[in-house]
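Heads up: numbering here begins at 1 and tracks the sequence. Quick note: numbers below take in every heavy atom, side chains included, and nothing from hydrogens, waters or symmetry partners.
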Amino acid sequence: YRANEFKNHKPQDTSHKTQATRHKTQARSMIFTKTAIKAFTFLALVGSAHSAKQNGRNRTQTLKYLLSFYHANATSSDVNKVVLSQSNSVSRIREVNENITSVVVSKRADLEELLDGLPNGTRAEVNYDVSVFGWKVKDQDSGSFRGRKLAEETPYGLTMVEVTPDSFDATLPLPTGNIKVCVVDTGYTPEHEDLPDTGDMPDLNGFDQYGDKWDKDGHGHGSHCAGTIGAMGNNNLGVTSCNPDPKKFSFYIGKGLSDQGSGSNAGVLEAVEKCVEAGAKVVSMSLGGGAYTSTAFDLFKSLYNKDTLLIAAAGNGASSQYSYPASYPHVMSVAAVNNQGDRASFSQYNDQVEIAAPGVDVMSTLPNNKNPADKYEEWSGTSMACPHVAGVAALVWSYFPNCENGQIRNVLLKSADGGNTSNGICDEKYGFGIVKARAAYDLLAAEGCEAGGPARDGSQADFSPGGCDQTMLGGSYPPTPSPTPCSGLPLTLHLETDQWGGETSWEVKHVDGGKQLQGNGYSGETVYNKEYCLQPSPGGECEFTIKDSYGDGICCGQYGDGSYEVKLNDKQVASGDQFGFSETTKFPCVGSNTEAPVASPIESPISSPTESPVASPSGFVRISRFEVKQKIRDNGKLKTKLKFAVKTAEGERATGSVIKVQIDFADIMVEVDECTVRESGRCTVRLPAYHPDDYGAVLVSVNDISSTHGAYDPNLNKEVDECPLFSSQCVKYPIN
């Protein structure tokens, strides 16, 4: 969403709707991975159906990408040379840091061509649009004020999170640390009467972007968030804040969004990087948009290991969808509550939400560049909740500067107040509860930094699952409640996506009624196993519909081998793989299930832990199918896939087996690769694109199959043309 869609209305409360499928992406995602053998892995499309409809564009509207070199033997400066040499394909480049470069291409084929010239391990992902997560409250007749206020006001949120003088009084020792807080947002207003300028805070500085200055906020969102963190107190003006004394902390402002309240994933990542380079210990991000990307994941992981506490707004969609950057495991996801401590109707809820804070009708500072009288206003959104947590973190950390970021994070969670929210147990709506500054201070004063677990010294990210799974080894949280019994019919979905997982969606409906379950936003070439509770249909019949927005199904084309299976009460009711735009299956759904809880989780692709890891003496695995698929590109090069199917001695799919393959390019070059058999019983090896004139033939050999199902015996492979595949009689097949 763009900022102007949030400024003048509140989202409707849809919290009563059925919780959507758990997934790690909220919009479509595209990723290309280049390795020595696997030339490209396509994971999904770009943008969202909502934005495409609004803008009247087709599905290929987004042509902005992030090139990531965290897993490649290269840096941005090295890659820029390749990018510049292909100026016909690339219209603009910008270096985010030494591991990330953003590019713009004219069409997707140009990106593939560009990747051909980049080092192994380079990843290309969509550079998603990002925007603010807060809006101005309408008709502020009650509790609002304009212009210069003769007496300072304490917003209700500060009392709720325990940062008022009543909580942090003069009897406490002075803090020994000066924590730098970075606000990645639309900018800052140092000339505001209640915000620190360089006279109040000599270290005040920031990062410019989008052609805008960090110290100019043409939108207002960034100044509002900054006011909650650090508006000056005890000056008889406006409002106070979590850190009212500008001498005891410092600001760094990252212009991550433009004056229009929107920006790009690359812009946000660059702003965050500049914040940490400038010494920021706490980064506040009241923004979000797009889907999960490994590029952002890698950056946030590296910064978390540098002792930076990353905090972001959970999102305003009133749904269980994941919002990013909040839902990365190394980022604290903040939900919003009202002045009664109840969840705000718009606040997103999922298992990555860690903590909650006030986010409804929050009074704070605004730039007066439009109307000199409008210096303070009430805004709402998880954007307003995020700076409460960031401000509290900076305040508490300033008293215990020797603690690590993970320790401060865990103490904030351990000391959060469930109250009338989560009752002391982490849940998806409130996390561990409302942040409480004084309670966190008291816990650290009593138990030291170890109250938040042992120090990790550079490996904090390894102990950061995030959300309700965020572990706290220095203490214990209340036990996780038992699974809620299914009061209806237990339904399980097994979905294996093709390379364009973002095109896939599904729903379950009562034939005589409305939609009951749904799922979308999937990553490419990924296996999903999910359990649901389906309410019986009054008419006794339901229907499952799976859709592909591009119209090519999920299997057996050039973009991968997907499949799906639906079970009700552990009996298959729908399955398939090849279809066009959609496929619908009707099935009976009568009665209720009284047994609880729902069946235990579906096994992962790797064999169950209860199975013996040693193959039985009589067991073996064999290749039951082998095929080659090729596509010629505009440049004349061939794009080649080697596809294998592996079965056990009993004829079952040999899931988890690893095929080791050797590829001989006409005795000129030899490559070795491997692939793991998925739950479909298949796996694929992708060759680097090559021109047929360069090699007379490409020769493929299977050296071995490593499997817990048994030993590999090539002579038992399926016979084709009186010759067992890849056996001693038929070692090689030419691919012309």
Side-chain angles (χ1 to χ4, degrees), residues 3 7 132 134-137 140 143-155 157-158 163 180-209 212-261 271 275 280 284 286-287 361-381 383-384 386-388 390-391 394-395:
K7 290 176 68 177
V132 300
W135 67 92
K136 174 183 175 181
V137 178
Q140 304 175 70
S144 67
F145 59 90
R146 293 176 176 239
R148 187 181 181 103
K149 190 170 176 65
L150 297 180
E152 189 171 66
E153 177 176 308
T154 299
L158 303 186
V163 293
K180 181 172 290 189
V181 183
C182 179
V183 183
V184 176
D185 215 291
T186 60
Y188 182 75
T189 311
E191 63 270 19
H192 193 285
E193 62 183 11
D194 216 11
L195 289 174
D197 58 19
T198 52
D200 308 301
M201 184 183 288
D203 198 27
L204 177 65
N205 207 339
F207 166 68
D208 302 330
Q209 198 171 197
D212 299 328
K213 297 294 185 180
W214 67 267
D215 55 356
K216 299 295 180 184
D217 185 0
H219 184 277
H221 187 271
S223 297
H224 197 281
C225 293
T228 297
I229 295 172
M232 294 185 290
N234 302 315
N235 61 356
N236 212 32
L237 293 172
V239 294
T240 185
S241 67
C242 296
N243 298 271
D245 188 346
K247 297 295 189 291
K248 296 180 180 178
F249 85 106
S250 60
F251 269 137
Y252 187 88
I253 308 300
K255 189 84 172 183
L257 301 176
S258 70
D259 286 342
Q260 285 69 50
C275 291
S284 180
S286 293
L287 46 79
D361 298 349
V362 174
M363 184 71 73
S364 188
T365 52
L366 279 180
N368 54 358
N369 49 9
K370 293 184 179 180
N371 186 341
D374 297 338
K375 296 181 180 179
Y376 307 90
E377 283 183 346
E378 291 177 351
W379 283 41
S380 292
S383 275
M384 285 59 254
C386 176
H388 280 92
L395 175 64

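Evaluated for a side chain to side chain contact (heavy atoms under 4.5 Å, CB included) with M232, the options P244, P196, S241 yield exactly one hit, P196.
Contact detail for L366 and H192: the closest heavy-atom pair is O-CD2, 3.0 Å. In terms of heavy atoms, A271 sits closest to Q209 at CB-NE2, 4.4 Å. Annotation for T365 and A231: closest pair CG2-CB, 4.4 Å, computed over non-hydrogen atoms. Residues G222 and D185 come closest through the heavy atom pair N-OD1, 3.2 Å.
In this view, S223 and T189, D217 satisfy the side chain to side chain donor-acceptor pair (under 3.5 Å) rule, not counting sequence neighbours. With sequence neighbours left out, the side chain to side chain contact (heavy atoms under 4.5 Å, CB included) criterion links D203 to K180, S250. Checked against disulfide (SG to SG under 2.5 Å), C182 has the following partners two or more places apart in sequence or in another chain: C275.
No side-chain heavy atom of V362 sits less than 4.5 Å from a side-chain heavy atom of S380. Using a 4.5 Å heavy-atom threshold, the side chains of C242 and I229 count as separate. Within the 4.5 Å cutoff, the side chain of S383 has no heavy atoms near those of the L287 side chain. The shortest distance between side-chain heavy atoms of L395 and F249 does not fall below 4.5 Å. Taking 4.5 Å as the limit, some side-chain heavy atom of F207 sits within range of a side-chain heavy atom of Y252. L204 has its side chain within reach of Y188: a pair of non-hydrogen atoms, C-beta onward, lies under 4.5 Å apart. Within the 4.5 Å cutoff, no side-chain heavy atoms of V239 are placed close to those of T154.
Separation of atoms CH2 (W214) and OG1 (T186) is listed at 13.0 Å; rounding is to 0.5 Å. Between the CG atom of L237 and the CG atom of N234 there is a distance of 11.0 Å, given to the nearest 0.5 Å. Here S364 contributes atom OG and E377 contributes atom CD; the two are 10.5 Å apart, rounded to the nearest 0.5 Å. For the atom pair N243 CG and T228 OG1, the distance stands at 11.0 Å (nearest 0.5 Å). Note that the CG atom of L195 and the NZ atom of K375 stand 11.5 Å from one another [nearest 0.5 Å].
A distance of 6.0 Å or more separates the ring centres of H224 and Y376.
Salt-bridge formation is not detected for the pair K255/D208: no Lys NZ or Arg NE/NH1/NH2 atom is positioned less than 4.0 Å from an Asp or Glu carboxylate oxygen.
In the model, S286 has no side-chain atom that pairs as donor or acceptor with a side-chain atom of H221 under 3.5 Å. For the residue pair H219 / D259, no side-chain donor-acceptor distance below 3.5 Å is found, with atom types taken as modelled.
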How far apart are the C-alpha atoms of N235 and E152, what are their side-chain angles, what is the distance that settles it, and do they pass the side chain to side chain contact (heavy atoms under 4.5 Å, CB included) test?
CA-CA 7 Å; N235 61 356; E152 189 171 66; 2.8 Å; yes
What verdict does the side chain to side chain contact (heavy atoms under 4.5 Å, CB included) test give for K216 and E191, after you've listed the backbone C-alpha separation in whole Å, the side-chain angles of each residue and the deciding distance to 0.1 Å?
CA-CA 9 Å; K216 299 295 180 184; E191 63 270 19; 4.3 Å; yes
